[in-house]
Amino acid sequence: MAEPLTAIPEQSALYAYFFDLDGTLAEIKPHPDQVVVPPTILQMLHRLAENSAGALALVSGRSMAELDALAKPWRFPLAGVHGAERRDIHGRTHIVHLPQAIEREVSLQLHTALANLPGTELETKGMAFALHYRQAPEHEATLQAIASRITQTWPQLAIQQGKCVVEIKPKGTNKGEAISAFMQEAPFAGRIPVFLGDDLTDETGFAVVNNAGGMSIKVGEGETLAKWRLASVPDVWRWIETIHTSQQQEKNTNDRRDGYESFSRSI
């Protein structure tokens, strides 16, 4: 059972930070295009990344292009589409592709099916597809059946459940695998992973972080593998701000100590 999170990571230790976006860094909105990460939070994430030698990544179901747009003006390492695409600290990308014939046929079938389900929305991500029903919960069962039929037809695809969405993505891709890949590379390697997420899609990430002895943090309610819990997105913001304040205080203390030692040596 996840315990309420009342403390921040010990600043003398080396951590690698991973953040989901929707429902974690930003409030969930009726439409994905309405989501915004406050500029002050982005600034603090940038500072946190700087203080962690760059070991901070966004790990999301969104595409990397969307994540970059939401994180402007900063450019972080990313895992998009639940790990089907990833960009490391050096800007190298690692992308899982579907055969174009499968991508076209699945897209055609889904567009045709959802056209008859008012209020649903199809989000295409190249190698993945998100079937949203936040505005039409009465169609959930139908969308689940459609997704099941698609994955039975093309076994290289798998279903990923989410909040008011069912996604179809390449089998074997998930946030846990993405975090594992980051943790094998500089500057993440050798650090203690910290991962914040709010959805079923984040549970594989929590499992990987738990196995590595890190901090897994669930945002909001619900059963989870995470060891810790924050109640809401504003609580995540306050937690990040507390880390930022703690790091700034430590820097100021070190600067004063260095200044005193320099003065002493000059005497």
Side-chain angles (χ1 to χ4, degrees), residues 1-9 15-42 44-45 48 56-63 66-67 70-71 76 78-83 121 123 128 130-137 140 143-144 159-167 169 174-179 193-212 214-244:
M1 184 176 185
E3 298 289 336
L5 183 62
T6 58
I8 60 173
Y15 288 90
Y17 293 92
F18 302 95
F19 292 90
D20 175 44
L21 196 137
D22 296 82
T24 300
L25 292 176
E27 298 277 17
I28 292 176
K29 299 294 184 181
H31 193 277
D33 291 344
Q34 299 171 331
V35 169
V36 175
V37 182
T40 54
I41 300 302
L42 290 174
M44 284 187 279
L45 287 177
L48 180 57
L56 185 150
L58 304 182
V59 182
S60 172
R62 286 179 179 265
S63 69
E66 290 177 301
L67 292 173
L70 285 164
F76 301 107
L78 304 174
V81 195
H82 309 291
E121 182 177 354
E123 180 185 2
L131 286 59
H132 296 274
Y133 55 88
R134 184 173 298 277
Q135 306 303 315
E140 176 183 3
L143 292 183
Q144 297 285 356
I159 292 175
Q160 173 65 67
Q161 302 293 346
K163 291 181 178 177
C164 298
V165 61
V166 55
E167 300 198 42
K169 62 184 181 65
N174 58 63
K175 293 183 180 181
E177 291 295 329
I179 291 174
V194 178
F195 177 43
L196 286 79
D198 73 303
D199 205 348
L200 292 172
T201 63
D202 301 307
E203 293 297 319
T204 56
F206 294 150
V208 166
V209 168
N210 290 346
N211 289 337
M215 293 182 65
S216 52
I217 305 165
K218 165 82 170 182
V219 182
E221 300 179 350
E223 292 295 321
T224 182
L225 295 174
K227 295 182 179 180
W228 306 99
R229 190 186 302 271
L230 289 169
S232 65
V233 171
D235 286 318
V236 174
W237 295 340
R238 284 188 285 270
W239 187 76
I240 294 172
E241 184 176 6
T242 302
I243 297 176
H244 175 72

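Keep in mind it's a predicted model, so treat the numbers as computed, not measured.
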Chemist: Not counting sequence neighbours, which residues clear salt bridge (Lys or Arg N to Asp or Glu O under 4.0 Å) with Asp198? List them please.
Modeler: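 Applying salt bridge (Lys or Arg N to Asp or Glu O under 4.0 Å) to Asp198 gives Lys163.
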Chemist: Tell me every residue that passes side-chain hydrogen bond (donor to acceptor under 3.5 Å, both in side chains) with Thr242, counting only those two or more places apart in sequence or in another chain.
Modeler: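 Scan of Thr242 (side-chain hydrogen bond (donor to acceptor under 3.5 Å, both in side chains), adjacent residues dropped) gives none.
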Chemist: Locate the shortest heavy-atom distance separating Phe206 from Ser216; write the atom from each residue and the value.
Modeler: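 For Phe206 versus Ser216, the nearest heavy atoms are CD2-CB, 3.7 Å.
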Chemist: Which residues satisfy the side-chain contact (heavy atoms from CB on, under 4.5 Å) test with Leu200, sequence neighbours excluded?
Modeler: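 side-chain contact (heavy atoms from CB on, under 4.5 Å) check on Leu200 returns Gln161.
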Chemist: With rounding to the nearest 0.5 Å, note down the distance linking CG in Asp199 to OG1 in Thr24.
Modeler: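 Rounded to the nearest 0.5 Å, the CG-OG1 separation comes out at 8.5 Å.
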Chemist: Taking all non-hydrogen atoms of both residues, which atom of Phe18 and which atom of Ile179 are closest, and how far apart?
Modeler: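 Taking every non-hydrogen atom into account, CE1-CG2, 3.9 Å.
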Chemist: Specify the closest pair of heavy atoms between Val166 and Tyr133, including all atoms of both residues, with the distance to one decimal.
Modeler: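 Scanning both residues, the minimum pair turns out to be N-CE2, 4.1 Å.
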Chemist: Check side-chain contact (heavy atoms from CB on, under 4.5 Å) between Glu221 and all other residues, then give those that pass, not counting sequence neighbours.
Modeler: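 Partners of Glu221 by the side-chain contact (heavy atoms from CB on, under 4.5 Å) criterion come out as none, since no residue qualifies.
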Chemist: Taking all heavy atoms of Val81 and all of Ala128, pick out the closest pair and write down the distance.
Modeler: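 Of all heavy-atom pairs spanning Val81 and Ala128, the closest is CG1-CB, 3.3 Å.
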Chemist: Considering residues at least two apart in sequence or located in another chain, which fulfil the side-chain hydrogen bond (donor to acceptor under 3.5 Å, both in side chains) criterion with Arg238?
Modeler: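 Partners of Arg238 under the side-chain hydrogen bond (donor to acceptor under 3.5 Å, both in side chains) test: Asp235.
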Chemist: If the condition is side-chain hydrogen bond (donor to acceptor under 3.5 Å, both in side chains), which residues does Gln160 pass it with, not counting sequence neighbours?
Modeler: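 For Gln160, no residue satisfies side-chain hydrogen bond (donor to acceptor under 3.5 Å, both in side chains) once neighbours in sequence are set aside.
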Chemist: Check side-chain contact (heavy atoms from CB on, under 4.5 Å) between Val194 and all other residues, then give those that pass, not counting sequence neighbours.
Modeler: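 Val194 satisfies side-chain contact (heavy atoms from CB on, under 4.5 Å) with Tyr15, Tyr17, Leu196, Met215, Ile217, Trp239 once adjacent residues are dropped.
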Chemist: Got a list of side-chain donor-acceptor pairs under 3.5 Å for residues 29-38, not counting sequence neighbours?
Modeler:
{"residue": "His31", "atom": "ND1", "partner": "Asp33", "partner atom": "N", "Å": "3.1"}
{"residue": "His31", "atom": "NE2", "partner": "Glu121", "partner atom": "OE2", "Å": "2.9"}
{"residue": "Gln34", "atom": "OE1", "partner": "His31", "partner atom": "N", "Å": "3.2"}

Chemist: Minimum heavy-atom separation for Ala71 to Leu42, with atom names?
Modeler: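 Reported closest heavy-atom pair: CA-CD2, 3.8 Å.
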Chemist: Quick one: are His82 and Asn174 in side-chain contact, heavy atoms under 4.5 Å?
Modeler: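 Contact flag for His82/Asn174 side chains = no.
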Chemist: How long is the gap from CG on Leu45 to CD1 on Ile240, to the nearest 0.5 Å?
Modeler: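 Atom-to-atom, Leu45:CG and Ile240:CD1 are 4.5 Å apart.
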Chemist: Have a look at Leu70 and tell me which of Leu21, Leu58, Leu25 forms a side chain to side chain contact (heavy atoms under 4.5 Å, CB included) with it.
Modeler: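 Among the candidates, only Leu21 passes.
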Chemist: Can you list everything that forms a salt bridge (Lys or Arg N to Asp or Glu O under 4.0 Å) with Glu177? Sequence neighbours excluded, please.
Modeler: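 Counting only residues at least two positions away or on another chain, Glu177 forms no salt bridge (Lys or Arg N to Asp or Glu O under 4.0 Å).
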Chemist: What closest approach, in Å, do Gly23 and Val219 show between heavy atoms, and which atom pair accounts for it?
Modeler: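 Between these two residues, the closest heavy atoms are O-CG1, 3.5 Å.
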Chemist: State which residues pass side-chain hydrogen bond (donor to acceptor under 3.5 Å, both in side chains) with Lys175; sequence neighbours excluded, sorted by chain then number.
Modeler: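 Here the qualifying residues are Asp20, Thr201, Asp202.
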Chemist: For Glu123, enumerate each residue passing the salt bridge (Lys or Arg N to Asp or Glu O under 4.0 Å) test, keeping only those at least two apart in sequence or located in another chain.
Modeler: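 Expected list: none.
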Chemist: I need the Trp237 CH2 to Thr40 OG1 distance, nearest 0.5 Å.
Modeler: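 It is 8.0 Å, given to the nearest 0.5 Å.
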Chemist: With rounding to the nearest 0.5 Å, note down the distance linking SG in Cys164 to CD in Gln135.
Modeler: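 Taking SG in Cys164 and CD in Gln135, the distance rounds to 8.5 Å.
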Chemist: Table please: side-chain donor-acceptor pairs of residues 222-229 below 3.5 Å, with sequence neighbours left out.
Modeler:
{"residue": "Thr224", "atom": "OG1", "partner": "Glu203", "partner atom": "OE1", "Å": "3.4"}
{"residue": "Thr224", "atom": "OG1", "partner": "Glu203", "partner atom": "OE2", "Å": "2.9"}
{"residue": "Thr224", "atom": "OG1", "partner": "Ala226", "partner atom": "N", "Å": "3.0"}
{"residue": "Arg229", "atom": "NH1", "partner": "Gly220", "partner atom": "O", "Å": "2.6"}
{"residue": "Arg229", "atom": "NH1", "partner": "Gly222", "partner atom": "O", "Å": "3.2"}
{"residue": "Arg229", "atom": "NH2", "partner": "Gly222", "partner atom": "O", "Å": "3.2"}

Chemist: Return the CG to NZ distance between Leu5 and Lys218, rounded to the nearest 0.5 Å.
Modeler: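 Rounded to the nearest 0.5 Å, the CG-NZ separation comes out at 14.5 Å.
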